[in-house]
Every structure is written in structure tokens, then in C-alpha cells.
**Student:** 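One structure follows; several queries about it will come next.
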Amino acid sequence: MEPRHTISVWVDNTPGVLSRVTGLFSGRGFNIESLCVAETMDPAVSRITILSTGDEQIIEQIIKQLHKLINVIKVVDLSELDHVEREMALVTVKAEDKSRAEVLRIADIFRCRVVDVSPHTYTLEITGNHEKIGAVLSLLKNHGILDEVRTGTLAIQRSKKD
Amino acid sequence: MKKMTGAQIFLECLKREEVKHIFGYPGGVVLDIYDELTRHPEIRHILVRHEQAAAHAADGYARASSKVGVALVTSGPGATNTVTGIASAYMDSIPIVVFTGQVPTALIGNDAFQEVDIVGITRPCTKHNYLVKDVNQLAYTIHEAFHIARSGRPGPVLVDLPKDIIQARTVPEFPKEIKIRSYQPTYHANPRQVKRALEMIMAAKKPVLYTGGGIILSNAAEELRVFAEAMQIPVTSTLMGLGGFPGDSPLWMGMLGMHGTYCANMAVSESDVLIAVGARFDDRITGKLSEFAPHAKIIHIDIDPSSISKNVSVDIPIVGDCKDALHQLYDLLQDKPPRDWAEVRAQWLDTVHDWEKRHPLTYAWSDTVIKPQYVVEKLWELTKGEAYITTEVGQNQMWAAQFYKFKRPRQLMTSGGLGVMGYGFPAAMGVQMAKPGATVIDIAGDGSIQMNIQELITVVENELPVKIAILNNSYLGMVRQWQQLFYEKRYSSTPMRAPDFVKLADAYGAVGLRATKPEEVVPVIQKALETPKPVIMDFRVEPEECVMPMVPAGKAMHEMLLA
Ligand SMILES: Cc1cc2nc3c(=O)[nH]c(=O)nc-3n(C[C@H](O)[C@H](O)[C@H](O)COP(=O)(O)OP(=O)(O)OC[C@H]3O[C@@H](n4cnc5c(N)ncnc54)[C@H](O)[C@@H]3O)c2cc1C
Ligand SMILES: Cc1ncc(C[n+]2csc(CCOP(=O)(O)OP(=O)(O)O)c2C)c(N)n1
Ligand SMILES: [Mg+2]
């Protein structure tokens, strides 16, 4: 598989900007694996985090083409820098009789929070990087996942430690 | 200051942008603007007969004048009709601003009468676009639109104007300056990169300058000539760059690419340093990518970073205006110990001239049938190479590129990137508006001319003495050529009847002339050039002539089919 890149894009917080960004990806045949967007501390600016795949040349084009959009203020390929990534998932798992304790044990090991309980299910909140969430979901699958929803990846650069 | 309506602000803004001509077509939601136009005699509105023509005319106007071309149309169908013209300007990086009317803001999204999301439709084919939702933003938005259209890598900008905004009143503030924090094109090339480039060029044995539309857009022809002559580097150019280097210079190799000269394509294939200036490595140039300029280190000067290393990986990227970069290269050269570059280059230039002699651009003469290339040659001769030439698309376009020897930048207007049949004639109207006294000729095909033939009445009405030279081969010739070469001559849907163009010209109040034999070509052209009115010249040419040389699709550029 081609390497994954986590790209942070600061944009003007005005209508239509998101469709300019996504339209660029679809129009030029670039991949979007996931996408997160929300306002920053400055309400005039939004920050988009895009997870994409592609070889070096494609990623270079993605970054240059994003820069070319008039509403794009800044683009950073976080994969090139020391950074932290997080995703979140909400999962409703079947939990009856003996499996109730087992599901809780998994939740505990991976530091998930139980956000809803019913006699037959637990709903868990899982946060972590892409791989961790994948791992938890595959463990829970054995118990029966009734519903699940995931965010895209959020990422931030680590501060210098010196 | 007193209150003004959106329509008044709109026209005041155009005045401030020094707009003298608008190409347009009215309709319901822009009535107020058209009404206001009656109070602005300093702005001339040319009523086209199809909105596509308004966009192409603005494009031709922009290319000939180096100003921003302007089109104005109504909502819905008026707006969608401009899309082909906008897309063509986008592909060729031409600065135009298209104003479209829109339904009142309260109705947007309601499937209102003649509503269309033109901002959504044109998002991928404009440099930027706007929907104005507040009359207080109108003046600023228009100023920003012109700024974006003309700066950096130029391109089309669309401004969508809802009817209630056009009618609203406010005390406007006209901005003097534009500052967009997210948009600051790089004009000044990085001196360190320029220095590395010069060193590479100085060490080269077989350098080639490959220039493109960027030379025209940045008015860098003089800098190019000075630098090429100083270092004795042979020059080739894309279709879009023709006129950017004098066609009579001994360093000139002609156009490169699919229908480029043998010499230019061989020189690029053999070069050891390829200096690309304002050109974007289009697939019509490179042919089979893996075999493009296989021995060359590549230097690429372009104002748009995304043009660099898009198709071909580049050794020395230089982001900046080509005028600035060429200037720096030349200045830096002056600091070096002088060398006799003519002597250094003698062997390489000999090789180049030998290719030139071996396979010049040529065609088989006929005493009985008019050869299309002959028509273009005579057009060139009889206009002394001074005419503004627009082209349609297809064989006519390639013959115009090959056989009209362009002297100056901005002399050729052609839809290169999108290849729009129907571009040439409306573009010629735009050129004639920008250059009132000049000879303007649309070199056309019998197919293409029928795509915007309705504009004949526009040129008659506005007394624009545009000349149309139809290379009438009774075919969609370029497509037929591919069928002949690659589909065993199965001419599927390419033979084509055309109307009687002479009668048609007459019906519109223009002048129609016809030539069916070679000896009639010169008198017809002479007559046309003497006629101070729009003229159609119908040249009945050899129907199955092919444009040669040709690099077949997917082949390397040295694998040309020759005449
Ligand atoms: C039927 C047909 C056949 C064709 N055959 C050929 C052919 O044989 N040969 C050929 O050459 N073309 C041919 N074309 C045209 C081709 O499709 C492209 O339009 C053309 O090659 C592109 O030219 P260009 O590279 O100069 O780029 P342009 O489209 O002119 O782009 C200009 C480049 O310059 C840059 N630029 C803009 N302003 C500046 C500045 N101020 N400073 C620096 N850089 C700047 C831009 O960013 C861009 O990268 C054909 C077209 C048709 C329709
Ligand atoms: C709007 C549009 N439709 C289709 C094409 C595809 N096309 C390219 S060249 C060509 C033939 C043009 O015929 P004509 O104008 O007679 O020119 P010729 O090649 O015969 O000189 C066609 C159909 C195009 N370029 N533009
Ligand atoms: Mg034809």
C-alpha cells in the first residue's frame, strides 16, 4: 500500500471552502481516507485534517494544488514532522451474560469509556491512533458489533522538547 | 458620499478597473445593470448572439490587449452558456472576469426560475469565484476578482450577482488596495536556484530552451531573446508560446510536440539540459513520458509551483515570473568571465540546423487542388506576417501554427488546452475590439466555424472587419486524420456538409469569397484584405490532407511520422 499522509490545512472559514477542497481531491483523482474539519480559536479560520495516500509525487501535487486555492492559508504535511494522531470511535457491542464482563475487560485494557449501557449492550468510546482503534474493534467483533461510528484522524505537531 | 445601487456600484467598479469593453447578453436578473449601462457611455457593451461567444471574445480581448477581458450575462442558461469559454480560459491561463446574474438571495436553493448553481458548476474551471451576498461586499469583491484574474498565474474569475444585491442601496467604499493573506504569488525567483541553473546551463553541451505561454503572459519575449542570443541556445516553443521568440532567428527551431517540427523534437530528445520557461509539460509535448528528453537534466521556471514536477520530475525548480528569472540569468552571466558562446555552441547548432534541413516543414504542391498549407503561407505573405491570427481547432489550427511565422507575442490566439471548436471567431471579435485598426484573421475549419457562426451578425452590426479564412475540407479533418492513420480509414461521422458560406456571408451582410483553384487563392486574400468589412473566405482545399509531422499517441517524441 502507498504511504499514508496526514495533512493539515488552514482555510478561510467561509461557505463553499470545504467543497473547493474536496472537489480538488475528486477532480484530480487524489485519495481522501478521512477528513476532519472545525473552526479554530480564530473564528475566521477553519482547520482541516486530511488523511490521504499516494507516492511522493502525488503528495507533492496535493500540497501544491491545495496551496493554489485562494482560500487556503497554510498547508502542512504532518507526516514529515513529529506529531500526535488521534481518532475516536463510538461502538455499540452486544454484551449479555458472560460476555458482559469480557467486554468491560477489553474496555478497561484499552482505556475506553462506557458511554451508554443497556441490559444487552454497552456503548464504548474509544480514542487512540488509527491502529489502536482497529485493534479494539477487531477484538470487539467477536462479541458482535451492533453499530459503530468513527471520526477521521486529528493530528497536531509535537512541541520541541529542548 | 451618497447611497448607490448595486448596479451603480458595479459600473463604478468597472470604471475604476479601466474597463472599456464588455461582451454580454441581457436577461431578467441583470436588467438593472443594463439600465445603468445607458448612463455610462465610456463603457462599450458588445451584444453577442450566444453567451459562449462573450466568454471567448473576452478571452481574445485579454490576450491581444494584456488587460482583463470582461463578460456579463444573465442567470441560468446565460450563465451555463459561458462555461466552455471559462474552461478554455482556465486551461490557457487567460485573465477574464465573468459576471453572471443570479436569482434573489432569498430564492437561492429553491429551484427558482432560471436558477443554477453557477459557482458550484464553475468551481473546478475558474481560478476563483464568488457569490456576492451583501451589497457592502460588492466593490471589494469586484476589485479582488480583477486582482486575482490578472496576477500570478492568470485565469478566469466568476462573480455571481443576485438580483436583490444589484438593486440594494448602500454607501459604498471603494478599496484601493488588496491584501489576501492566503494569496501571494511569487514573482521574484530565488537567486540561489537561478545561480545553480546558470551553472548547469554553462556546463551544458546540448542545451535547449523550451518555452511556453508563460513567456507571453509575463511579457518576457525580450528577456528571452536577449538570454538565448547571449548564450546561443536554440529555442523551441509550445503552441501557446508562439510569437514569444522571433520566427526568423537562426536559433528558432519551430514548435515542438505532437505536430512540432522534426528539428525541435529531435533537439529536445537529444538535449542534455532542457530549460523549460513558462511551459507545463503538456502530454501533447511529452509524448511517451518515460522517453521524454531521456538524456536531459531539467530546469523549470514557472510562477505556479504546481506546474513544476507535475508530469516530469525536475532537477532545478525555479518558482517565479519568467521575466524576472530570465533577467536574473542574464545579469548573472555578465558577472562571469566572457566566453565565445557562438564557438562553444557551434557543433550543437550545426546538428540542429542539419535536422532542420533534413526535414523542414513542407507539403506536396498541387497545380489543381488548393493545399491548406499554401493558403496559410499566402496569408502570412500578404499580411507581411503582421496580422493577428486566431484559430479554430483541428488541422486548421496546426497549419496556422506551422505556416504562419509569428513575429510578436500576443499575435496568436488559440484554444490550446481545452481545444474548443468555435473559439476562433468570437476570439477574433475580441481581438478586433482591442486592436481597432489591425488586420484580424480567424483561420478556421468548416466544422469549427459552424459552432459560433451566429456571431457574423455581431461583427456586421459592430463594424468589426474580422476576416475568416475557412480551410474547407468537407471533413472534421483532424478526427478524419486519426481515422485514416489508426482506424483503417473508416470515416465514421467525419465527412460533413457545410452551408454555402458565400451566400451565408451575404445573408448576414458580410462579404463572401470563394477559391477552388490554387491560382484563386492570392486574389481572394487580396480582395479580403482590401475590404473594410467582415469577410468570409471559403477555400476549398484538398480534403484528405494530413498534418505532418505527427507523433502518434503514446509514442516517444522522436518517433515522428513524417510527410
Ligand atoms: C488539436 C491540438 C493539437 C495540439 N498540438 C500541439 C503540439 O503539437 N504542440 C504544442 O506545443 N501544443 C499543442 N497543442 C496545445 C496543447 O494542448 C497545450 O495547450 C500547450 O502545449 C500548452 O502550452 P504551454 O505548456 O506553453 O502551457 P500554457 O497553457 O500556456 O501554460 C503556461 C504555463 O506558464 C506558467 N506561467 C504563467 N504565467 C507565468 C509567468 N508570469 N511566469 C512564469 N510562468 C508563468 C503557467 O503556470 C503554466 O505552467 C495542441 C492543441 C490542440 C487543440
Ligand atoms: C467543441 C468540440 N467538439 C469536438 C471536438 C473534437 N475535434 C477536434 S478537431 C475536430 C475536427 C474539426 O473540424 P474542422 O473545424 O473542420 O477542422 P479541420 O480539422 O478539418 O481543419 C473535432 C471534431 C473539439 N475539439 N471541440
Ligand atoms: Mg474541416
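Below, chains carry the letters A, B, ... as their sequence lines are ordered, and counting in each starts from 1.
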**Student:** Counting neighbours of CG on B:Asp111 that are heavy atoms of other residues, nucleotides or ligands and sit closer than 6.0 Å, is the number greater than 12?
**Tutor:**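 Count not over threshold, so no.
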**Student:** Quick one: does A:Ser19's side chain get under 4.5 Å of B:Arg123's, heavy atoms only?
**Tutor:** yes
**Student:** Can you confirm whether B:Lys310 is buried at NZ, in the sense that more than 12 heavy atoms of other residues, nucleotides or ligands lie under 6.0 Å from that atom?
**Tutor:** yes
**Student:** Kindly give the heavy-atom pair with the smallest separation between B:Lys133 and A:Pro15, and that separation in Å.
**Tutor:**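 That would be NZ-CG, 4.3 Å.
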**Student:** Could you measure the distance from the NZ atom of B:Lys127 to the NZ atom of A:Lys68? Nearest 0.5 Å is fine.
**Tutor:**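 Output value for this atom pair is 9.0 Å.
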**Student:** List the atom of B:Arg181, the atom of A:Val45, and the distance in Å for their closest heavy-atom pair.
**Tutor:** NH2-CG2, 3.1 Å
**Student:** Counting only non-hydrogen atoms closer than 4.5 Å, does B:Pro305 touch chain A with its backbone (N, CA, C, O), its side chain (CB onward), both, or neither?
**Tutor:**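 It is both, since atoms from each part get that close.
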**Student:** Please walk me through it: do A:Arg20 and B:Asn129 pass side-chain contact (heavy atoms from CB on, under 4.5 Å)?
**Tutor:** CA-CA 10 Å; A:Arg20 287 184 204 276; B:Asn129 59 17; 2.9 Å; yes
**Student:** Rounded at 0.5 Å granularity, tell me how far CD1 in A:Ile73 sits from CD1 in B:Ile180.
**Tutor:**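 Nearest 0.5 Å value for the CD1-CD1 distance: 12.0 Å.
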**Student:** Check this for me: A:Lys132, atom NZ, are more than 12 non-hydrogen atoms of other residues, nucleotides or ligands nearer than 6.0 Å?
**Tutor:**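 Buried by this count: over 12 neighbours within 6.0 Å.
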**Student:** Which pair of non-hydrogen atoms, one from A:Asp12 and one from B:Ser182, has the smallest distance, and what is that distance?
**Tutor:**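 Looking at all heavy atoms of both residues, the closest pair is OD2-OG, 4.1 Å.
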**Student:** In this structure, are over 12 heavy atoms from other groups packed under 6.0 Å from A:Lys161 atom NZ?
**Tutor:** yes
**Student:** Count the heavy atoms of every other residue, nucleotide or ligand shown that sit under 6.0 Å from CD of A:Glu2, and state whether that count exceeds 12.
**Tutor:** yes
**Student:** Flag yes if more than 12 heavy atoms outside A:Glu96 fall under 6.0 Å of its CD atom; otherwise flag no.
**Tutor:**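 Enclosed: over 12 neighbouring heavy atoms sit under 6.0 Å from CD of A:Glu96.
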**Student:** Write down the atom of B:Ile308, the atom of A:Gln61, and the distance for their closest heavy-atom approach.
**Tutor:**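 Taking B:Ile308 first and A:Gln61 second, the nearest heavy atoms are O-NE2, 4.1 Å.
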**Student:** In Å, rounded to the nearest 0.5 Å, how long is the span from CZ of A:Arg28 to OG of B:Ser306?
**Tutor:**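 Spacing of CZ (A:Arg28) from OG (B:Ser306) equals 6.5 Å.
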**Student:** With side-chain contact (heavy atoms from CB on, under 4.5 Å) as the criterion, how do A:Lys64 and B:Val319 come out once you've worked through the C-alpha distance, each side chain's angles and the decisive distance to 0.1 Å?
**Tutor:** CA-CA 12 Å; A:Lys64 286 173 168 178; B:Val319 177; over 6 Å; no
